[in-house]
Amino acid sequence: MTIDQYNFNGKKAIVRVDFNVPLDENGNITDDTRIRGALPTLKKILADGGSLIIMSHMGKPKGKVNPKMSLAQIKDAVAKALGTEVKFAADCAAADKEAAELKPGEVLLLENLRFHPEEEGKPVGIDKEDPGYDAAKKEMKEKQKEFSKKLASYADAYVNDAFGTAHRRHASTAVIADYFDADSKMLGYLMEKEVKAVDNILSDIKRPFTAIMGGSKVSTKIGIIENLMDKVDNLILCGGMTYTFAKALGGNIGKSICEEDKLQLALDIMQKAKEKGVNLVLGVDCVAGDNFSNECNTMVVDCRNIPEGWEGMDAGPKTRELFKGAILPAKTILWNGPAGVFEFDNFTAGSRAIADAVVEATANGAFSLVGGGDSVACINKFGLADKVSYVSTGGGALLEAIEGKVLPGVAAIKG
Ligand code: AMP
């Protein structure tokens, strides 16, 4: 079932969205991207003549009620975005009455799902090492089923539009789907778009395919790097992981960020790239700083010859040319992770060179997917988000999908 096929007229739909928006200290929303992202799905249901039950998590309240993470704070913003009044249910697991009274066109927002430990399904107050852990986990899984069944009982149809949590098997993201027939559960528009974007990268590949992996560490990206190795023509590894590679190759890296226990892994990656015929692009020069700040002294040096007391903080001019050379001819591009400490204005040049090249390749017909927390912040900082093919809303979910893992939130609906 797709959302376009389903007619919500006279039906109640329970929709899992990701309204985990950032709030300032007064509870004001500082970035409403996530609310706007869910609007096409929510509006389609209302336009059909259906009623809406919206559910989401906010923050990490760890199974306890925490007013600072109450979704009541965003009720008015949701009402404004939808252009209609929004009712609020102060306990998501006891909203029977509010749900039953909903009329077509009406909207009910449920309180933060994670105020109940059943949402995440992890036993509380017990360590993994404790002897009773397995029994507690089993008991919690049963409670999670009950909780999911309760949420399901409010509605005729279930829609999952929360890509950001699709890699979690939580009550509202996956278990709830067991309580709906195949023809009354579906992905929302945002989820459909995300899944299609990943599919473009993994199966419908136009060549050359260039992947750009940056960020601080190689360890958090190893799964995705290994999966990409079978698919890409060019693999740019940049950002902080540059220096683990430089050290593994016998270089001096001063006080640059480095994962000492990943030196062999770096050599293995290089060997694998060679075996698979992947053009691995690593930094040759960098902009080094004498302390980790925007105002530090800088110099351009060879990545394998960084003086004591200095650290590599951005890609150097030769490296930026190498990036461009691997990105401009590409027809499929994946970018995850900045090439330097882009939060400091003086160290944005490497990430900017990548962004400009990705934009140019996109204008020349490439499909470009930018995703994973910091790369999105980076492309937004440059004001170029609308000049790439797709900016993913998913962090962990996107990375897991590209690693080739099945996302529980998608599998629960598509089987
Ligand atoms: P990640 O969360 O692993 O994607 O890493 C993103 C972070 O990596 C950003 O906050 C960047 O500032 C940081 N980063 C990128 N290059 C470097 C570098 N050369 N040294 C230290 N941090 C870096």
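Everything numeric here is computed off the predicted structure, so don't read it as measured data. Just follow the structure's listing: the first ligand is 1, and inside any ligand the first atom is 1. All residue numbers in this chain count up from 1 along the given sequence.
Scanning Gly395, Gly350, Gly312, Pro338 for the heavy atom closest to atom 19 (N) of ligand 1 points to Gly312.
Using a 4.0 angstrom heavy-atom cutoff, Phe347 does not count as in contact with ligand 1. The shortest separation from a heavy atom of Lys221 to ligand 1 is under 4.0 Å, placing the residue in contact.
Taking 4.0 Å as the cut-off between side-chain N and carboxylate O, Lys276 and Asp230 count as a salt-bridged pair. The residues Asp76 and Lys80 are annotated as not salt-bridged, no charged nitrogen and carboxylate oxygen being separated by less than 4.0 angstrom. A salt bridge does not link Lys272 to Glu275: none of the charged side-chain nitrogens sits closer than 4.0 Å to a carboxylate oxygen. Contact check on Glu139 versus Lys122 returns no salt bridge, with no Lys/Arg side-chain nitrogen under 4.0 Å from an Asp/Glu carboxylate oxygen.
In terms of protein heavy-atom proximity, atom 15 (C) of ligand 1 is nearest to Gly340 O, 3.2 Å. Protein heavy atom closest to atom 23 (C) of ligand 1, with residue, atom name and distance, is Val341 CG2, 3.7 Å. Of all protein heavy atoms, the one lying nearest to atom 6 (C) of ligand 1 is Asp374 OD2, 3.0 Å. Remark: minimum distance from atom 8 (O) of ligand 1 to any protein heavy atom is reached at Ser216 N, 3.3 Å.
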Intermediate values then yes/no, ring-ring contact (aromatic ring centres under 6.0 Å, His included), Tyr243 and Phe245: CA-CA 5 Å; Tyr243 311 98; Phe245 283 85; over 10 Å; no
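Here the side chain of Gln5 pairs a donor or acceptor atom with the backbone of Thr2 at under 3.5 angstrom.
Taking the six-membered ring where the residue is Trp, Phe180 and Tyr158 present parallel rings, their angle staying beneath 30° rather than reaching 60°.
For ligand 1, the atoms lying closer than 4.0 Å to a non-hydrogen atom of Gly239 are 16 (N). Less than 4.0 angstrom separates some heavy atom of Tyr243 from each of these atoms of ligand 1: 19 (N).
Residue-level proximity to ligand 1 for Ile257 is carried by the side chain, the only part with a heavy atom below 4.0 angstrom. Contacts of Glu343 with ligand 1, taken as heavy-atom pairs under 4.0 Å, involve the side chain alone.
Among residues two or more places apart in sequence or in another chain, the side-chain hydrogen bond (donor to acceptor under 3.5 Å, both in side chains) test is passed with Glu259 by Ser219.
For Gly240, a nitrogen or oxygen atom sits less than 3.5 Å from a nitrogen or oxygen atom of ligand 1, counting backbone and side chain alike.
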